[in-house]
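Small disclaimer: the values here were computed from a predicted structure and weren't measured. First the proteins, then the strands, lettered A, B, ... as listed; each starts at 1.
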Amino acid sequence: DTGVSQDPRHKITKRGQNVTFRCDPISEHNRLYWYRQTLGQGPEFLTYFQNEAQLEKSRLLSDRFSAERPKGSFSTLEIQRTEQGDSAMYLCASTLGTRVNTEAFFGQGTRLTVV
Amino acid sequence: SQQGEEDPQALSIQEGENATMNCSYKTSINNLQWYRQNSGRGLVHLILIRSNEREKHSGRLRVTLDTSKKSSSLLITASRAADTASYFCATAPTSGTYKYIFGTGTRLKVLA
């Protein structure tokens, strides 16, 4: 499978716990995005990387959220001290950033439920 | 915040009919992309239209773009029950960011 891969697909955690999600982009894609989607809404931008550099972060990304992309390959999104409001689908996308008009491909997402 | 809105928010049609959904956005763009999302799943890329293109076809899909009105439409012809999903537009702004900004989505239901 050469698409964007996300792990885990589902995560249930207790409020206050830390969680970490992983995204493996399409291998030649140098740009990687994280989005959050709540029920009935469109995806909302969280952050993106060009290679290993985190170039933009949304105001939605509070200090409890941190994302990394070591070596410009896979990425992790960590949420510390989870709150019920963090319950959402977390989507990862990748694209070939050397061209302006290029498709962004999404993974299947990680659905987080905070109880 | 989300850039645009899709219209209608929900659409229910009979199999075989055409479905049209519209997307409006706010800023200048490099391109606009349409995605499909089945319930609880990831986003599937359908089609990309560049800012200098007015119309594009892919199978049963037809997309138009009117940059003067900052709007796009997605037409699905001869709909099938398997087309039941949410459809989102996403824009790539020209202004100093590489993020994609999504609309609110149209929930399409195709009745067999």
Heavy-atom side-chain proximity of A:Tyr33 to B:Tyr98 below 4.5 angstrom: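 Yes; the side chains approach each other to less than 4.5 Å.
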Validation row: B:Arg41, A:Arg9 side chains within 4.5 angstrom (heavy atoms):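 Side chain of B:Arg41 against side chain of A:Arg9, heavy atoms only: contact under 4.5 Å found.
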Euclidean distance, A:Glu56 CD relative to B:Thr97 OG1, rounded to 0.5 Å: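 The distance works out to 3.5 Å.
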Atom pair CD/CG of A:Glu103 and B:Asn31 - distance to nearest 0.5 Å: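 A:Glu103 CD to B:Asn31 CG: 8.5 Å, rounded to 0.5 Å.
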Considering all heavy atoms, the nearest [X]-[Y] contact:
X: B:Lys99; Y: A:Tyr48; value: N-CE2, 4.4 Å
X: B:Tyr35; Y: A:Ala104; value: OH-O, 2.7 Å
X: B:Gly42; Y: A:Leu91; value: CA-CD2, 4.2 Å

Segment of [X] engaging chain A (4.5 angstrom heavy-atom cut-off):
X: B:Gln37; value: side chain
X: B:Ser51; value: neither
X: B:Leu48; value: side chain

Report, as yes or no, whether the 6.0 Å neighbourhood of atom [atom1] on [X] holds more than 12 heavy atoms from other residues, nucleotides or ligands.
X: B:Glu15; atom1: CD; value: yes
X: B:Arg80; atom1: CZ; value: no
X: B:Lys56; atom1: NZ; value: yes
X: A:Arg15; atom1: CZ; value: no
X: B:Gln9; atom1: CD; value: no
X: B:Leu111; atom1: CG; value: yes

Check: B:Tyr100 ring centroid to A:Phe105 ring centroid under 6.0 Å: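 No; A:Phe105 has its ring centre 6.0 Å or more from that of B:Tyr100.
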A:Tyr35-B:Phe102 aromatic ring centre distance below 6.0 Å: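 Yes, ring centres under 6.0 Å apart.
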Which atoms of A:Gln37 approach chain B - backbone, side chain, both or neither, heavy atom under 4.5 Å: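 A:Gln37 touches chain B through side-chain heavy atoms alone.
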Linking I/L/V/M/F/W/Y whenever their side-chain heavy atoms sit closer than 4.5 Å, directly or via other members, would [X] and [Y] fall into one cluster?
X: A:Phe49; Y: A:Phe74; value: no
X: A:Val19; Y: A:Phe65; value: yes
X: A:Leu60; Y: A:Val114; value: yes

